Amino acid sequence: MPEGHTLHRLAGSQQRDFAGGAVEVSSPQGRFAAEAELLDGHVFREAWAYGKHLFHDYGPVGTVHIHLGLYGSFTAHGKPVTDPVGKVRMRLVGESCWTDLRGPIRCELVTTAEAAEIVAGLGPDPLRDDADPDRAWNRITRSRTALASLLLDQTVLAGVGNVYRAEVLFRHGVPPLLPGNAVEPETWRALWADLVGLMGEGVRSGRIDTVRAEHAPEATGRAPRRDRHGGEVYVYRRAGAPCLVCATPVEHRRLANRHLYWCPRCQAG
DNA sequence: GATCTATGTAGAT
DNA sequence: TCTACCTAGATCG
């Protein structure tokens, strides 16, 4: 379940579980076997995330660069270690914990410099203290592309995925197809600030919850609706269902091969 | 058991 | 704009 909050959450838990100790690294599936052999037994220095990218720093031995893609996932366990189930690309075994990685779009050993290059190609990440929202704004305000597309462009903004994009646009009443160069600076400031808050909450909870207290099931009496992604949302994957605010059916279309959801009334602009 | 879907990205057309 | 791809779980029959 990979938007930026997932990767930052993983970096945090893996830092707690493995940092500072030697780890056993293996690739039961075999597709990371040569790299795992190089890393096996070395000290896991640090886990860190930038956008949807996760990095395991092994110092001079190298850095593992992981991108989960659409369906990559980690499972975390306490010892004892059990036999691999399914296609385990990478297994890490530490002092008391172990974790399995399955289905990543990327799992590769890179140098520190290469890791830095990957990060240099990404836009600011709302989950990082060092993020500069003006870098994203400079791209957005010069572009005729729909804001909904710009929000998913990782070179503009790093870490935002399909759920956060739909939800943050809804929360600010912004039409998703509004061209970047038609976005008001104060709108951008509000969107950024909201992403910082929402995604930070996502890191803490492990879910994407975007519904404000006044529209929450407890306040309105409607049945809670947890999406498969685990959280309570306004429009994501609610095509045809009544908008939680105005009851207008939620719209849906494909945009650049991704599902886009919005309320045509609340986000009329 | 077969088929479909998914919070993503890269590369071809 | 389209297609391929990494994998598992949900859904269909």
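Not measured: the values here are computed from a predicted model. Proteins come first, then strands; the chains are lettered A, B, ... in the order of their sequence lines, and each starts at number 1.
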Tell me, please, which residues at least two apart from F170(A) pass ring-ring contact (aromatic ring centres under 6.0 Å, His included).
Y234(A)
Which residue pairs pass the salt bridge (Lys or Arg N to Asp or Glu O under 4.0 Å) test when at least one of the two sits in [range], sequence neighbours left out?
| range | value |
| --- | --- |
| residues 143-159 of chain A | R139(A)-D153(A) |
| residues 109-127 of chain A | none |
| residues 45-71 of chain A | none |
| residues 166-176 of chain A | R171(A)-D194(A) |

Name the pairs: protein N/O against N/O of nucleotides 9-13 of chain B, kept only if under 3.5 Å.
residue, atom, partner, partner atom, Å
dT9(B), OP1, H67(A), NE2, 3.1
dT9(B), OP2, K52(A), NZ, 3.3

Is the centre of the F55(A) ring less than 6.0 Å from the centre of the H65(A) ring?
yes
Under 4.0 angstrom between Y236(A) side-chain N/O and dT7(B) OP1 or OP2:
yes
Could you check how far [atom1] of [X] sits from [atom2] of [N], rounded to whole Å?
| X | N | atom1 | atom2 | result |
| --- | --- | --- | --- | --- |
| L255(A) | dT7(B) | CG | P | 13 Å |
| L127(A) | dT7(B) | CG | C1' | 14 Å |
| L260(A) | dT1(C) | CG | P | 14 Å |
| R237(A) | dA10(C) | CZ | P | 12 Å |
| N162(A) | dT7(B) | CG | P | 5 Å |
| R254(A) | dT1(C) | CZ | P | 12 Å |

Once ring-ring contact (aromatic ring centres under 6.0 Å, His included) is applied, what residue pairs with a partner in residues 18-38 of chain A remain, sequence neighbours excluded?
F18(A)-F44(A)
Can you name the salt bridge (charged side-chain N to carboxylate O under 4.0 Å, His left out) partners of R128(A), sequence neighbours left out?
D130(A)
Please list every stem that involves DNA chain B, where a stem is a run of 3 or more consecutive Watson-Crick or G-U wobble pairs with both pairing distances under 3.5 Å.
B:1-6 with C:7-12, B:8-12 with C:1-5
Residues passing the side chain to side chain contact (heavy atoms under 4.5 Å, CB included) test with A239(A), sequence neighbours excluded, are H252(A), Y261(A)
Going through the checks in order, is the side-chain hydrogen bond (donor to acceptor under 3.5 Å, both in side chains) test met by H8(A) and T6(A)?
CA-CA 6 Å; H8(A) 282 265; T6(A) 302; over 6 Å; no
Anything under 3.5 Å between a protein N or O and an N or O of nucleotides 7-9 of chain C, put it in a table, one pair a line.
residue, atom, partner, partner atom, Å
dT7(C), OP1, Q29(A), NE2, 2.3
dA8(C), OP1, K87(A), N, 3.3
dA8(C), OP1, R102(A), NE, 3.2

Span that lies between the C1' atom of dA10(B) and that of dA8(C), in whole angstrom
22 Å
Taking dT7(B) as the reference, what is the distance to dT1(C) when you measure between their C1' atoms (whole Å, please)?
22 Å
Would you mind listing every side chain to side chain donor-acceptor pair (under 3.5 Å) that reaches into residues 22-41 of chain A, with sequence neighbours excluded?
Q29(A)-R89(A)
